[in-house]
Amino acid sequence: QVQLVESGGGLVQAGGSLRLSCAASGRTFSSYAMGWFRQAPGKTRTFVARISQSGGSTDYADSVKGRFTISRDNAKSTVYLQMNSLKPEDTAVYYCAAATAYSVLRTTPTYWGQGTQVTVSS
């Protein structure tokens with residue numbers, strides 16, 4: 001089992017920045033690929049970004065490429081999502097996710113956090 005707890009969400013104006021954090025506990029953090037998803041009101045949950053166990057590979061949804069950066073600190077068992085140039089359409093609940101395989105994280109994560117709200121005002 002892996003427990004994931006997100007933090008760092010909040011209200012920000014368009015063009016601003018936020019950094020989300022996801023602290024993991026339980027099994028060895030470095031053995032899990034990690035990712036971020038988001039769910040806007042009335043919409044399905046969608047992939048945002050993922051990072052491999054070592055941090056050597058990353059992948060982003062087209063809608064956030066060039067604006068968001070995913071990173072991890074295995075010593076702190078934490079994954080981050082730096083969000084810059086935020087837009088109102090980035091408003092959503094952001095979820096941290098984990099899987100033992102990087103290849104499946106984009107579609108079928110095994111573990112989920114409880115989510116953190118990000119609201120971008122225009």
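What you see is a predicted model; the values in this text were computed from it and never measured. Values below: every heavy atom of this structure, side chains too, minus hydrogens, waters and symmetry copies.
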Practice task
Please work out which of the three classes, parallel, tilted or perpendicular, describes the rings of Trp112 and Tyr95, given edges at 30° and 60°.
Solution key: perpendicular
CZ (Arg50) and OG1 (Thr107) are apart, to the nearest 0.5 Å, by 8.0 Å
Is there a path of hydrophobic side-chain contacts, each under 4.5 Å between heavy atoms of I, L, V, M, F, W or Y residues, that connects Tyr60 with Val120? yes
* Should Tyr80 and Ile70 be regarded as members of a common hydrophobic cluster, given that ILVMFWY residues are connected when their side-chain heavy atoms come within less than 4.5 Å of each other, either directly or indirectly? -> no
Validation row: Cys96, Met34 side chains within 4.5 angstrom (heavy atoms):
yes
- prompt: Does Phe47 reach the side chain of Leu105, with side-chain heavy atoms less than 4.5 Å apart?
  reply: no
Q. Are any of the side-chain heavy atoms of Glu6 and Ser21 separated by less than 4.5 Å?
A. no
* Does any non-hydrogen side-chain atom of Asn84 lie less than 4.5 Å from one of Phe68? -> no
* Asked: Are Val118 and Val79 connected, step by step, through hydrophobic side chains (Ile, Leu, Val, Met, Phe, Trp, Tyr) whose heavy atoms are closer than 4.5 Å?
  -> yes
Nearest heavy-atom approach of Leu11 to Ser121 is CD1-CB, 4.3 Å
Q. If we only count heavy atoms from C-beta on, is the Thr69 to Leu81 side-chain gap below 4.5 Å?
A. no
Review point. Using a distance-only test with no angle check, is there a side-chain donor-acceptor pair under 3.5 angstrom linking Asp73 and Thr78?
Key: no
Quick one: do Leu4 and Phe29 end up in the same hydrophobic cluster if we chain Ile, Leu, Val, Met, Phe, Trp and Tyr together by side-chain heavy atoms under 4.5 Å apart? yes
Q.
Surrounding NZ of Lys65 (heavy atoms of other residues, nucleotides or ligands, distance under 6.0 Å), is the total greater than 12?
A. yes
Here the gap from Ile51 atom CD1 to Arg72 atom CZ, rounded to the nearest 0.5 Å, amounts to 6.0 Å
- Message: Is there a side-chain contact between Tyr111 and Tyr32 in this structure, where contact means two heavy atoms from C-beta onward sitting under 4.5 Å apart?
- Response: yes
On a heavy-atom basis, the closest approach of Val104 and Ala99 is CG2-CB, 4.2 Å
Heavy-atom nearest pair, Asn74 first then Gln53, reads ND2-O, 3.2 Å
In this structure, OG of Ser71 is separated from CD of Gln82 (nearest 0.5 Å) by 8.0 Å
* Asked: Heavy-atom distance under 4.5 Å between the side chains of Ser7 and Arg19, does that happen here?
  -> no
Query raised in the report: Hey, does the Lys NZ or Arg CZ of Arg45 hover above the aromatic six-ring of Phe37, less than 6.0 Å from the centre and inside 45° of the axis?
Result: no
